[in-house]
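For reference, the structure is listed below as structure tokens.
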2 protein chains.
Amino acid sequence: MQNMIGDPIPLLHGVQSYSTAPERRDAAANRARILMVAEALFAEHGVSAVNMAEIAEEAGVGKGTLYRNFANKGELCLILMDTQLREFQDQRLELMRSQSESGIPCLEQLAEFLEALVAFTEVHMPLLFEVQQDTQALNEREIQRPHFWQYMTAYGLLRSAVRAGELPADFDSAYMAEALLAPLAPPTFRFQREVLGFDVDRIAEGLNLILGALSSLQRIIA
Amino acid sequence: MQNMIGDPIPLLHGVQSYSTAPERRDAAANRARILMVAEALFAEHGVSAVNMAEIAEEAGVGKGTLYRNFANKGELCLILMDTQLREFQDQRLELMRSQSESGIPCLEQLAEFLEALVAFTEVHMPLLFEVQQDTQALNEREIQRPHFWQYMTAYGLLRSAVRAGELPADFDSAYMAEALLAPLAPPTFRFQREVLGFDVDRIAEGLNLILGALSSLQRIIA
DNA sequence: TTGACAAACGGACGCGAGTCCGCTACAATT
DNA sequence: AATTGTAGCGGACTCGCGTCCGTTTGTCAA
């Protein structure tokens, strides 16, 4: 469940570049410049206030070039998060490995994972929000939406929990993984944060409580 | 889906019409015509394949007129569901009243509510999806998004459950109501249905299981 | 070097949402 | 019936996204 990412090549995402001819020098330079410009503009004006034409212009390329490198605004945002996304992933994987060795229950690991994910989502909301928009287009390319590994991680931990007897044998891990992550979907999360005014801790605690409730399920039956 | 058409004070939503001068005859006729045309076009081509210009043209009005009546596509869709939304609401309220009288536990009522809501969401997905899009614009007018009463209902039942001792006293009903409804947010629901292939019953059961787990929480403590 | 052929470029274009504002015509008033 | 103020109308326009396609240019082979 790790590393479904694309590892050989750094920008995992480098749309093509899988072994066919290396890309042209100027093309690479353009892509790098676009990313830097986008990051700067986003930082200055906010993600939603910057449009693709501005990015292209500021980077000194045409829109065609911009879209040649990034299928849409969402993909551009995703790639801007790439490093941090990978770091986060690696950290969690490492942590979970050591937690498993220490015999920490899977559900507890999942609780910590969700807590960390809440923090991550909070920090990267603006970019994540854009990414979420065009899920469809993203699926068509070979890019992994963040949701995918989140799902795989949660699903994996739930399945392990079932195997370990922390959850009933007929527990629907696949659905539950989705249900637990649903409140973290960017539009939903944003609504809770900005409209309802829930703070980050409250959300984390809420999710934690659901997990607690699920684990008590098994205790009841036993 | 009949008759959300013109009737006098039709749409709780009727953007203005709160006691000021009655609207002009031709305006009412236009609005009614727009709604009929939209319904027909949506039925024929699917909601997402029909654009606002087409609706205006087919209804024989300008885009200005269309937008005078409906702030955006989402609002138009919302009003098309109006009758059914109200019926659903009324049914559930009535049902809950009788359930309460029969002493059925609040959490059980909530479980049934969620099950019904899953069915409702499934049926109205295409319209709900559009509605969800422009939450912001909707909030600014005095229109109730479907989410609002869903939330109030769930929240109310959870609070009653706490009062009835079915849940711990420090239970965060407000957050939990949101968390339970999150999987029903149109984009999330649609993803689960169409991409992951979960069927409606599976989703309903999953939500039901979470509720079951939550109720067992209290049993543990007691 | 030079030639040639993709890859890469760039900006005009199409599309759909939603806005704006000058014009129209309803209905209230005399 | 004529007058008039205003709600209502219509469609050109703006905006942002994303596409298309004729042109340029890096790279590689001769």
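Below, chain A is the first sequence line, B the second, and so on; all start at residue 1.
- In this structure, B:Phe113 and B:Trp149 have perpendicular ring planes: the angle between them is above 60°, well past the 30° mark.
- Between B:Glu87 and B:Thr83 there is a side-chain heavy-atom pair separated by less than 4.5 Å.
- A sub-4.0 Å separation between OP1 or OP2 of C:dA8 and a side-chain N or O of A:Thr65 is absent.
- A:Lys63 contributes a side-chain N or O that forms a donor-acceptor pair with the base of D:dG18 under 3.5 Å.
- A donor-acceptor pair is defined here as one N or O able to donate and one able to accept, closer than 3.5 Å; such a pair exists between the side chain of B:His124 and the backbone of B:Phe120.
- For the pair B:Ile55 CD1 and C:dG18 P, the computed distance is 11 Å after rounding to whole Å.
- Computed from coordinates, the B:Leu66 CG to C:dT19 P distance equals 11 Å when rounded to whole Å.
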Which pairs, protein N/O on one side and nucleotides 24-27 of chain C N/O on the other, fall under 3.5 Å?
| residue | atom | partner | partner atom | Å |
| --- | --- | --- | --- | --- |
| C:dA27 | OP1 | B:Arg25 | N | 3.0 |

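- Look at CZ on B:Arg68: it is 8 Å from P on D:dA7, rounded to the nearest Å.
- Under 4.0 angstrom from either OP1 or OP2 of C:dG18 there lies at least one side-chain N or O belonging to B:Tyr67.
- Contacts of residues 42-53 of chain B with DNA chain D (heavy atom under 4.0 Å): none.
- For the pair B:Val200/B:Arg193, a side-chain contact is recorded, criterion being any heavy-atom separation below 4.5 Å from C-beta on.
- Place A:Val61 and B:Lys73 on DNA chain C by their nearest nucleotides, and A:Val61 ends up nearer the 5' end.
- Following rounding to the nearest Å, B:Asn30 (CG) and D:dA7 (P) show an atom-to-atom distance of 17 Å.
- D:dC9 atom P lies 11 Å from atom CZ of B:Phe70, rounded to whole Å.
- Put simply, CD on A:Glu75 is 15 Å from P on D:dC17, counting in whole angstrom units.
- Across the protein-nucleic acid pair, B:Arg31 atom CZ and D:dC9 atom P stand 10 Å apart, rounded to whole Å.
- The main-chain N or O of B:Glu54 is never found under 3.5 Å from a side-chain atom of B:Glu57 such that the two would form a donor-acceptor pair.
- When the side chain to side chain contact (heavy atoms under 4.5 Å, CB included) test is applied to B:Asp172, the partners found at least two apart in sequence or on another chain are A:Arg202, B:Ala174, B:Tyr175.
- Side-chain contact between B:Glu178 and A:Pro183: absent, with no pair of heavy atoms (C-beta onward) separated by less than 4.5 Å.
- Remark: of the listed residues B:Thr65, B:Leu80, B:Leu35, B:Leu35 is the sole one forming a side chain to side chain contact (heavy atoms under 4.5 Å, CB included) with B:Phe70.
- Closest approach of A:Pro146 to A:Leu128, counting heavy atoms only: CG-CD2, 4.0 Å.
- Taking atom CG of residue B:Asn69 and atom P of nucleotide D:dA7, one finds them 15 Å apart after rounding to whole Å.
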